[in-house]
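Nothing fancy with the numbering, it's 1 onward along the sequence.
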Amino acid sequence: MMFTGLFDDAALFPPGNAPLDEAIPAHRSLRARFGDLVGPFVTPASRLPQLLAYAVEDAPLDLALIAAPDELASALRAADRPGLRVAAVEIPVQSTAPDARDTVKILDDVLPPDVPAYVELAWHARHVVEVLAGTRYRAKLRTGGLRADLFPAPAALADAMAACAARDVAFKCTAGLHHAIRHTDPATGFEHHGFLNVLLAAAALGDGESVVIAEGHLEADYGPGIAAAVRALSPAQATEARRLFTSFGTCSVLEPIADLTVLGLLPDPAEPDPAEPDPTHADRSAA
């Protein structure tokens, strides 16, 4: 499915800031309800000691572990416990090429080969993508936050995405993608990117379209038109878009899923699954 694993659960982070004793049960509930739409639980390495209380051996908790390069080895050891499973690693901003090269060396030394890692890019440090090119590591693009300056303009985001696409570096996004469609937050006045806008921009870049076309997708704000464009993607285009745009962190997994339901891109979870038998028509012959 086009949206499999798209929504990483960042409930611990602003603006949600959920307490751990609420966030973990909620994450398990989301995974039970929505299955593989929901990605790993995003946590800073500093919260690992608290997470141990929620580790269940027969139902491991998949983590996206945020750790600085110099604490990564110890964080991976701390997470090596029954009931916890590191599904991905995220490295905070690396601003210079030498720092990025050092980070890549550390990742090569300590990260298991089947665990993906994301290195966050500073907006003025696009050259870090060059360091990631040819490695198995991915980029992390910040698409929002608690201040207006943390929201990149469509042109800046399109440029960063194009830099990744040109070098075959996959990326995830973090912060600000609360809804499917580009919109203005009525409480803050901040212009938020939409995750479907990002998906369409990734599909365009994967098709070899120009950065101008990608920017146009990021600027669009007509929901029905965007939903129609998503439906029109071929299986190959959708696969390539998701290969490039792997996921995004959201403090509320329910909001983006609700948006996709309203747009008709996901079935309403309140509606019965047509593949399941209707209990009101069950065979009563044994009664």
Side-chain angles (χ1 to χ4, degrees), residues 3-51 54-55 60-68 71-72 75 79 84-93 115-122 138-147 150-152 157 160 170-181 183 185 187-188 190 192-199 202 242 245-260:
F3 307 114
T4 297
L6 184 59
F7 314 111
D8 292 347
D9 187 351
L12 297 181
F13 295 83
N17 296 313
L20 197 62
D21 61 354
E22 295 177 9
I24 296 293
H27 177 75
R28 293 191 186 280
S29 176
L30 289 167
R31 291 295 292 265
R33 183 179 179 189
F34 298 111
D36 59 7
L37 290 178
V38 184
F41 185 78
V42 186
T43 182
S46 60
R47 304 297 292 271
L48 281 172
Q50 298 164 277
L51 273 171
Y54 301 92
L61 184 65
D62 285 344
L63 302 178
L65 185 63
I66 301 176
E71 67 177 358
L72 180 57
L84 298 180
R85 183 165 52 205
V86 177
V89 162
E90 300 183 16
I91 304 295
V93 174
V115 177
Y118 296 84
V119 178
E120 184 170 347
L121 309 182
R138 305 168 178 179
K140 179 177 174 180
L141 306 179
R142 185 159 295 275
T143 45
L146 298 179
R147 305 189 314 269
L150 294 175
F151 291 79
L157 180 54
F171 65 86
K172 73 170 289 185
C173 294
T174 184
L177 294 183
H178 299 160
H179 291 288
I181 309 298
H183 66 283
D185 187 297
T188 64
F190 298 163
H192 284 246
H193 294 284
F195 65 85
L196 288 185
N197 299 78
V198 176
L199 183 69
R242 286 301 315 280
F245 173 34
T246 62
S247 67
F248 67 94
T250 174
C251 64
S252 171
V253 170
L254 289 175
E255 286 182 349
I257 289 179
D259 279 7
L260 292 179

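Between Gly194 and Leu177 the shortest heavy-atom distance is C-CD2, 4.0 Å. Contact between Ala180 and Asp259 at its shortest, heavy atoms only, is N-OD2, 2.9 Å. Ala175 and Gly145 make their closest contact through CB-N, 4.0 Å (heavy atoms, listed as atom of the first residue, atom of the second, distance). Nearest heavy-atom pair, Leu12 versus Leu20, reported as atom, atom and distance to 0.1 Å: CD2-CD1, 3.7 Å. Looking at every heavy atom in both residues, Phe13 comes nearest to Pro44 through CZ-CD, 3.5 Å. Smallest separation of non-hydrogen atoms from Leu48 and Ala75: CD1-O, 3.5 Å.
The structure places CZ of Arg142 at 11.0 Å from CG of Leu121, a figure rounded to the nearest 0.5 Å. Separating the CG atom in Asp9 from the CG atom in Leu30 is a distance of 6.0 Å, to the nearest 0.5 Å. To the nearest 0.5 Å, atoms CZ (Phe248) and NZ (Lys172) are separated by 10.0 Å. Atom OG of residue Ser247 and atom CZ of residue Phe3 lie 14.0 Å apart, to the nearest 0.5 angstrom. Interatomic distance, Asp8 CG to Cys251 SG, rounded to the nearest 0.5 Å: 13.0 Å. Note: His192 NE2 to Ile181 CD1 = 14.5 Å, rounded to the nearest 0.5 Å.
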Legend entry - From CA spacing to verdict: side-chain contact (heavy atoms from CB on, under 4.5 Å), Leu6, Arg242: CA-CA 8 Å; Leu6 184 59; Arg242 286 301 315 280; 3.9 Å; yes
Legend entry - Chi angles and distances behind the side-chain contact (heavy atoms from CB on, under 4.5 Å) call for Leu254, Arg33: CA-CA 11 Å; Leu254 289 175; Arg33 183 179 179 189; 4.0 Å; yes
Inset, instruction - Would you check, one step at a time, whether the test side-chain contact (heavy atoms from CB on, under 4.5 Å) holds for Leu196 with Leu199? - result: CA-CA 5 Å; Leu196 288 185; Leu199 183 69; 4.2 Å; yes
Legend entry - From CA spacing to verdict: side-chain contact (heavy atoms from CB on, under 4.5 Å), Leu51, Phe41: CA-CA 11 Å; Leu51 273 171; Phe41 185 78; 4.3 Å; yes
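A donor-acceptor pair is defined here as one N or O able to donate and one able to accept, closer than 3.5 Å; such a pair exists between the side chain of Glu71 and the backbone of Ala68. Remark: side-chain polar atoms of Arg31 are not paired, donor with acceptor, to backbone N or O of Phe34 under 3.5 angstrom. Put simply, the side chain of Thr4 never gets that close to the backbone of Leu37: no donor and acceptor are under 3.5 Å apart.
The aromatic rings of His179 and His183 sit perpendicular to each other, their planes meeting at more than 60°, with 30° as the lower class boundary.
The aromatic ring centroids of Phe151 and His193 lie 6.0 Å or more from each other. Between Phe7 and Phe195, the gap from one ring centroid to the other is short of 6.0 Å.
Thr174 and Tyr118 share no side-chain donor-acceptor pair at under 3.5 Å.
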